[in-house]
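A quick write-up on the structure given underneath.
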Amino acid sequence: MAKKYYVVWAGRETGIFTSWDYTKKQVDKFPQAKYKSFPTEAEAKAAFAKAPSYSSGTKKPTAGAAKAKTAAKASVDIDLNRCDLSIFTDGGCEPNPGEAGSGVAVYHNAQLAELYYGLYNANGTNNSAELNALHQALLIADKALKQGLTVQILSDSQYSINCITNWAYGWKAKGWKRQVAGDIKNLDIIQQSHELYDALKDKLAIQHVAAHVGIEGNELADRMSIYAIDQKDSAFCRYPEPIVLADILSLRAG
């Protein structure tokens, strides 16, 4: 039987998966789940980066709602001069679930300063890798804020951002349980990240950015996440200098 790639836009976990049994667990009885299968990984990645295709079981948004959503996306402004430190994060997984790694790109005064990779997990997911990357960014941000710097974090994972800045407050109030779905996946890293975020949130900006649209910092963090998979390094490592931009961008993309 030919291999398929399953895209989940709305479910208990979001991302691209290669196992239907695993995918079904993410969408079965999930309110307004949105998912679709694709014959190739390239098609799945392209579809995941865009709005989902609406099937007969899903209500298509009105033209006004779609226009508002497009306007909201267009209004997102990537300004590296906004803060002293800009930290891009990304996580990769091949396949999903499968080998996972995390990457971070740090800009100081709008100039690329540091790259990090690692946290390899032979049995991870895209979501766990994204959360690990965001947690490392928060640790970097914590040190920078203590030095009096201003900091922004930029992630292409709405899931990981929502986990620590939004959903965690409700989960914590319910004893770290979902009311309907039960146990929360990636709970340990979510709790650590949320605790740190909650302590820093008044001094820190976290922003979602689109993936694979040519944003340099996002592309570099992506390359680092896949480099982490190739290196199979469980530590979180600083990429050695000198950093040659063209060489980094020529590495495998996620």
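Basis for what follows: all heavy atoms, side chains included, without hydrogens, waters or symmetry-related copies. Keep in mind the model is a prediction, meaning the values are calculated, not measured.
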Ring geometry between Y227 and Y239 (parallel below 30°, tilted from 30 to 60°, perpendicular above 60°):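 Plane angle over 60°, so perpendicular.
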
Run the ring-centre check on F88 versus Y107 and record whether the distance is less than 6.0 Å.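 Centroid separation for F88 and Y107: below 6.0 Å.
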
Are the aromatic ring centres of Y22 and F17 under 6.0 angstrom apart?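 So the answer is yes for these two rings.
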
Given 3.5 Å as the limit, does a donor-acceptor pair link the side chain of [X] with the main chain of [Y], or not?
| X | Y | result |
| --- | --- | --- |
| N218 | A211 | no |
| D222 | G254 | yes |
| N132 | S102 | no |
| N109 | N81 | no |
| E130 | G91 | yes |
| E216 | L112 | no |
| S193 | I190 | no |

Minimal non-hydrogen separation, [X] against [Y], with atom names:
| X | Y | value |
| --- | --- | --- |
| T89 | A137 | CG2-CB, 3.4 Å |
| A129 | A100 | CB-CB, 4.0 Å |
| G124 | C93 | O-SG, 3.5 Å |
| G101 | A228 | CA-CB, 3.9 Å |
| A113 | I243 | O-CD1, 4.1 Å |
| I87 | A141 | CD1-N, 4.0 Å |

If you measure only the distance, is there a donor-acceptor pair under 3.5 Å linking the side chains of N96 and T125?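 No - no donor-acceptor pair under 3.5 Å links their side chains.
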
Any side-chain donor-acceptor pair under 3.5 Å between E114 and Y116?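 Y116 and E114 do have a side-chain donor-acceptor pair below 3.5 Å.
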
Below 4.5 Å, heavy atoms only, C-beta onward: do [X] and [Y] meet side chain to side chain?
| X | Y | result |
| --- | --- | --- |
| K177 | W171 | no |
| Y6 | W20 | yes |
| M224 | D90 | no |
| I184 | W167 | no |
| F38 | K4 | no |

In the single-linkage hydrophobic clustering (I, L, V, M, F, W, Y; side-chain heavy atoms under 4.5 Å), do [X] and [Y] co-cluster?
| X | Y | result |
| --- | --- | --- |
| L80 | V151 | no |
| V8 | Y159 | no |
| L187 | L138 | yes |
| L204 | I189 | yes |
| Y197 | L85 | yes |

Working to the nearest 0.5 Å, report the span between CG of L115 and SG of C237.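 So the gap between those two atoms works out to 12.5 Å.
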
To the nearest 0.5 Å, what is the distance between NE2 on H194 and CD1 on I164?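 Between atom NE2 of H194 and atom CD1 of I164 there are 9.0 Å.
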
Apply side-chain hydrogen bond (donor to acceptor under 3.5 Å, both in side chains) to E99 and Y120, showing your working. CA-CA 7 Å; E99 294 184 279; Y120 172 77; 2.4 Å; yes

So for atom CD, which belongs to E195, do other residues, nucleotides or ligands contribute more than 12 heavy atoms lying within a distance under 6.0 Å?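 At most 12 heavy atoms, drawn from other residues, nucleotides or ligands, come within 6.0 Å of this atom.
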
So for atom NZ, which belongs to K232, do other residues, nucleotides or ligands contribute more than 12 heavy atoms lying within a distance under 6.0 Å?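 It does: K232 NZ has more than 12 such atoms within range.
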
Taking D198 first and then K201, would you say they form a salt bridge - that is, a charged N and a carboxylate O separated by under 4.0 Å?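 The answer is yes: the pair qualifies as a salt bridge.
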
Lys/Arg N to Asp/Glu carboxylate O, R252 vs E94, below 4.0 Å: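 Between E94 and R252 there is a salt bridge, with a charged N closer than 4.0 Å to a carboxylate O.
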
Please determine whether side-chain contact (heavy atoms from CB on, under 4.5 Å) holds for the pair E219 and I215, giving the CA-CA distance in whole Å, both sets of side-chain angles, and the decisive distance to 0.1 Å. CA-CA 6 Å; E219 297 294 343; I215 299 170; 5.7 Å; no

Can you list the steps and then say if Q136 with L139 is a side-chain contact (heavy atoms from CB on, under 4.5 Å)? CA-CA 5 Å; Q136 292 300 320; L139 292 171; 3.9 Å; yes

Could you go step by step and tell me if L131 and H135 meet the side-chain contact (heavy atoms from CB on, under 4.5 Å) rule? CA-CA 6 Å; L131 282 165; H135 181 240; over 6 Å; no

